[in-house]
Every structure is written in C-alpha cells, then in structure tokens.
Amino acid sequence: MSQPSASRSAPFWSALCGAGLVLGMLFVVASLTPSLVPRSPLLQGVLSGLCFSAGYGCGVLLRHFWRILGWPELQGTARPRILGALLALCLLAMAAALWWEVGWQNRLRALMQMPPNDGASPWQMAITAVLVFALVLLLARVLKTLKDRLARRLARRIPAPTAAVLAVCVTVLFVWMLGNGVLVRAALSALDRSYSELDARLEEDLPRPVDALKSGGPGSLLDWSYLGRQGRRMVANGPDRAQIEALTGRAAQEPLRVYVGLGAAPDPQQRAKLALAELQRIGAFARANLVIATPTGTGWIDSNGQQALEYVMQGDVATVAVQYSYFASGIALLTDPDYGVETARAVFSTIYGHWRSLPQTQRPRLYLQGLSLGALNSDLSHDLLQVISDPYNGALWVGAPFLAPTWRNLTAARNADSPAWLPRVGDGSVVRFTAQRNHLNEGHAPWGKHRVVFLQYASDAITFFDPQALWRRPDWMQAPLGPDVSPDMRWIPVVSFLQLAFDLVFSDSPLVGYGHVYAFDHYADAWVSLAEPSDWDAERLALLKKRVAQVGAKD
C-alpha cells in the first residue's frame, strides 16, 4: 500500500532543482550571519526562508542557462550520490550556523547593550524558514503553471518561441498589475483609514492647552483638533520654563512650539502661511533662535531632539513644524514622495522669506532640523541659489536616509582617511559628521558662519542601506567598522542585500542610542556645537545629560 503513495509524491520531489537546493541551503547559512540590527528568532526564520528562496531561484536559473549552453550534466547513478553528498554537507553547515547564530546575535546585542537571547530558538527559525520557502515555491509554481498554459494556447496561433516569450511578458504584467493595482490599492486604502483615524484621535492625557502661546490654545490660529496626533504631542510634551530652569540651573524662557496639521488648511502653501502667521502671533521672531523642524512621514518630531534643543537654548527658541503626511515614512516615501518635498519647500520659502526681510540685527538665528524622512525633505526644502546671498545659520540632519542627495554627495567626496560611516569633508568648517561619541570638535578648522551637522549611527540601516549591496560590498563595510557594527558581519552577494532590507524595516528595534533610535545626549552634543550657545562647557553639559537621564528614569 506504500508504493502508490511513494509514486504520488515522486513528481513533487523530482521537480525540485538539486542546484537550487544546494545554493538555497548555502544562502540560509549566510543569512544567519549578523547584520546591522539584532533579529528575533521569528524574524530570522522569515529572512532565512526568503534567502533560501533566492538561492533556490539562482540555482534554477543556473541550471537553465547550463542546459541552454549544452554543457554536460551528471548522468546515471553518480548524480544522486553526488547531490546527496552535497546536500548532506549543506545540512551540516546549516546545523553549525544555527549553533553559531546564537553567539553572533548575542555579540551584536552586547554591542547595543541589549539582553542576550536564551538560544532556545533553532527549531523555530528552521520551521519558519521552511514554511516561507514552501509558500514562495508554491506561488512560483502557480505562476509557472499560468505561464505554461498561456504559452500552449498562444502556440496554436503563433510560433512556439514567440508564444513562450509573450506568455512570460503577459504573466509578469499580470503580476505587476495585480500587485501594484488591486492589492496595493486595497492595502493603501486600509492603511489610510487606519492612519487617519489614529491621527485624528484626541487623547485624554493631552488636553487642549490653556496657554495662549501654544498652538491650539486660546487665541491660536490653529484648532487643537486639527493639529494631528503627533502635533498635539509635540505642543503638549517637552520641558517648560520651570523644568528647564530646574535642570540647567539657569534662568530660562518658555519655549515656543508651532505645529500645523494636515487638516488645518487644504494645501501646503496655505499651511505654510498659517505657520508663519502663528509664529508672528506668539512673537517667535523676537526669540534668539528659530528652528524649522521637518517631521517624519507620520508627522512625528523626535522628543529627544526637541528637548535637547530647548534645554541647550535655555528655552530661548521657537520651533515650527508642518505636517505633510500621517503615513509611516516608508509608506509616505513610496506612495507620494513629492508631497513631503512640496510642503518642505513651501514652509522654508515662506518662513525664510519673512526672516530675510527682517533687519539682520533684529532677527533670530535660523536653523533647520530633520530626522529620517524629515532630514531628506529638509535637505530638499531649498537650493543653493535661494540662500547663498543670505544663508540660514545651520542645519542638524539626523539619520539622513541613504537617498538624501547632500548626504550621498558629501559621503562620496569625503577625505580619503575617513570611513564612510563617519566622513570628514574638507577642513570641517562647513560640514561635520558625528555619532555616539562626539566627533564634532575633533581636529576641525573653526566653524564658519553656515554650519551643517549630520548625526548618524553606523548601525542605522535607514542611512546605510545600499541597493548595490546586491552585487558589491558597501564602502561602510570596509575596515574599520563602526563601533556599533558587529565584527562578525560579512558581505555576501544577494544575502547581504536581503539582510539590509530587513534591517531597514526594523531599524528602530534596538535600544536608544543605536540603529535608528537617536539619544538625547547625542542631540545635545550636536546642538551645542552647531549653535554654540553661551555658558555650555563639557562639565555643565555632562551634568545636564545626567539630570535628564534621572528624570527619564523616574518617568
């Protein structure tokens, strides 16, 4: 009775490509090596399954081209013996890699001050990887069946080679239309409903302010309900004058924050005008410092950066932000990348134009700030010709995405003796890069009038993702590696690209101070160097960091 069962299962196993299995298993071994961000067992299983699928696909293509070229293949009894031996060796390599994976991940976690994994996860990873591979293989076979049937139908009317090529094209077009049309449209529609409801939700712990100097408060030109979730958080949270005085030990002012939500006006130009009008209403241009903060895709302004700015400036600062999306940054970048730029340009042009019209002795110092997608859009908010005759004072761009043009150009033009993860550009009088350890005051020429600081962590995949990692080693993987990058990390074609793609999505999973999660201390270092406010020496700044950490621990 067992013979028919074996016969029925034979076509499935015989259809598997031996070269694909070997390469797939080797890709799994490679996928277990560490990358920029620690991975959970479940996430590692998904990544390994996709790597198995990629390796298997490469093996299938290799076999296909081998046969097209007519090269000899193993025949007879030698073929199963050699293939079995290779698969056995690959299984041994996978078992060894699963054993080493715990150590690789825990060494990376130790670099980021994260607790170690317990090591009881190989089976979870293996099962997840097999399930992912099976799902990808099933999908591939469904598409192949569709392509083959279409080719047979077309071959009745046109030559077979032409029918085969046309069938492939039609199948690819069908998949693209299905994915980019029906599925993506449905997914975006669901996400739009979800994000818009979240953005509009009024939280009980964030009541409407009673201070007339706050956006949404009495006399404000902005309605509290239209600030959006992140806008209300920015306005309501953060240190007030009393907190700043308590932690700095010096007299302070009440910091001013203006936030214009998506619902405040129908287009970017009108929202920018509202932002300027609100700044004028609260007397923002009478402050010593004015910061245009470009939010992330969700409209979020990092509270660590905002607090560092206001403590360092003793509250003598006004910050303005205008929302352009409520989607997560990755979705906003994929769905409507130009809208954030349009908003950033409208805001900069409007506020910079008014700032420039003021007498130089009676206007605040003007700075730009942005994190992640906010850094990209802040970078694109203006061009050189627009500001060269009267430049703003400086910019702090944090975790700038790998797509940011200024970041890319400066990194490519770095001094030869500096690594890609911490470039030195020219004499450092205009542009400086820094990381966890403050490098802003090390061996540079004195700051010029216009200053740009890039704060970035070597473990931040948002900044260091490289599409060309598919076929070449990224520059930042050349020795010496960044202090928060695992020394066990290796570049492996295709696999490293998939690892970095996962790191890109989960870049905010490490603790504060690593990955894409930026710390108060490093923001404070950047602002002190960038703006050079008076009375801030190393000892006083260290005391501020200690006090803020103590307050945060109590909260």
Side-chain angles (χ1 to χ4, degrees), residues 213 238-258 279 282-293 302-320 351-352 355-356 358-369 390-398 427-434 437-455 518-551:
L213 293 180
D240 57 18
R241 176 180 177 177
Q243 290 172 313
I244 295 173
E245 290 180 342
L247 269 65
T248 63
R250 306 288 175 91
Q253 298 186 53
E254 184 73 20
L256 304 178
R257 307 181 197 100
V258 169
L279 287 171
I282 62 177
F285 289 92
R287 291 300 175 94
N289 304 281
L290 174 62
V291 177
I292 302 175
D302 189 356
S303 61
N304 282 330
Q306 187 66 29
Q307 290 182 28
L309 166 67
E310 292 170 347
Y311 278 117
V312 165
M313 302 296 189
Q314 298 290 156
D316 192 7
V317 58
T319 306
V320 58
I351 294 174
Y352 172 77
W355 173 83
R356 189 181 179 189
L358 301 174
Q360 290 192 11
T361 57
Q362 300 177 25
R363 69 189 188 189
R365 292 185 293 270
L366 178 61
Y367 298 96
L368 308 186
Q369 179 184 5
D390 194 3
Y392 55 90
N393 295 81
L396 173 56
W397 289 325
V398 182
D427 63 1
S429 60
V430 178
V431 178
R432 299 181 187 179
F433 288 75
T434 190
R437 184 167 72 85
N438 186 9
H439 297 269
L440 292 172
N441 304 315
E442 297 179 355
H444 296 289
W447 271 118
K449 181 181 178 182
H450 178 70
R451 309 171 178 186
V452 176
V453 168
F454 284 92
L455 169 59
Y518 287 84
F520 172 92
D521 290 5
H522 310 141
Y523 274 110
D525 289 335
W527 277 117
V528 167
S529 180
L530 185 66
E532 291 186 319
S534 60
D535 299 331
W536 281 102
D537 55 24
E539 182 178 354
R540 186 174 171 225
L541 186 58
L543 181 59
L544 172 66
K545 293 175 183 178
K546 180 179 179 182
R547 288 174 174 173
V548 170
Q550 290 172 342
V551 171

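Computed from a prediction, not measured in an experiment: that's the story for all the values here. Because only heavy atoms are used, hydrogens play no part in the values below, and waters and symmetry mates are left out as well, while side chains stay in.
Here the CG-CG distance, from D316 to L256, works out to 9.0 Å after rounding to the nearest 0.5 Å. How far CZ of R365 is from CG of L290: 11.5 Å, rounded to the nearest 0.5 Å. The distance from atom CG of L543 to atom OG1 of T248, rounded to the nearest 0.5 Å, is 9.5 Å. Distance CD1/I292 to CG/L366: 5.0 Å, rounded to 0.5 Å. We find the CZ-CG distance between F433 and L440 to be 11.0 Å, quoted to the nearest 0.5 Å.
Using a 4.5 Å cut-off on side-chain heavy atoms (C-beta onward), S529 and N441 make contact. Using a 4.5 Å cut-off on side-chain heavy atoms (C-beta onward), Y367 and V453 make no contact. Annotation: side chain of D240 is in contact with side chain of E254 (closest heavy-atom distance under 4.5 Å). Side-chain atoms of V398 and H522, non-hydrogen and from C-beta on, never get closer than 4.5 Å to each other. You'll find the side chain of R250 stays beyond 4.5 Å of the side chain of W536, heavy atoms only. Looking at heavy atoms from C-beta onward, Q253 lies in side-chain contact with R287 at the 4.5 angstrom threshold. The shortest distance between side-chain heavy atoms of D302 and Y523 falls below 4.5 Å. Residues K545 and D525 form a side-chain contact, since some pair of their non-hydrogen atoms from C-beta on lies under 4.5 Å apart.
Taking the side chain to side chain contact (heavy atoms under 4.5 Å, CB included) definition, one finds that L358 meets it with F285, H354, R363, sequence neighbours left out. Listed by chain and number, the residues in a side chain to side chain contact (heavy atoms under 4.5 Å, CB included) with H439 are L422, T434, R437, E442 (sequence neighbours excluded). Looking at residues two or more places apart in sequence or on another chain, you find a ring-ring contact (aromatic ring centres under 6.0 Å, His included) between W355 and Y352.
Contact record, R432 with A445: NH2-O, 2.6 Å, taken as the closest heavy-atom pair. Contact between R547 and A246 at its shortest, heavy atoms only, is NH1-O, 4.1 Å. Taking every heavy atom of both residues into account, Y311 and I244 meet most closely at CE2-CA, 3.7 Å. When all heavy atoms of F520 and N304 are compared, the pair lying nearest together is CD1-O, 3.7 Å. Closest heavy-atom contact between V258 and L279: CG2-CD2, 3.8 Å. Closest approach of P446 to S429, counting heavy atoms only: O-CB, 3.4 Å.
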> Yes or no on side chain to side chain contact (heavy atoms under 4.5 Å, CB included) for N289 and L309, after CA distance, side-chain angles and deciding distance?
Replying inline: CA-CA 10 Å; N289 304 281; L309 166 67; 6.0 Å; no
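Between the E245 side chain and the A252 main chain, a donor and an acceptor come within less than 3.5 Å of each other. Between the side chain of R540 and the main chain of D535, a donor-acceptor pair closer than 3.5 Å is present. Not one N or O on the side chain of R451 forms a donor-acceptor pair closer than 3.5 Å with the backbone of G394.
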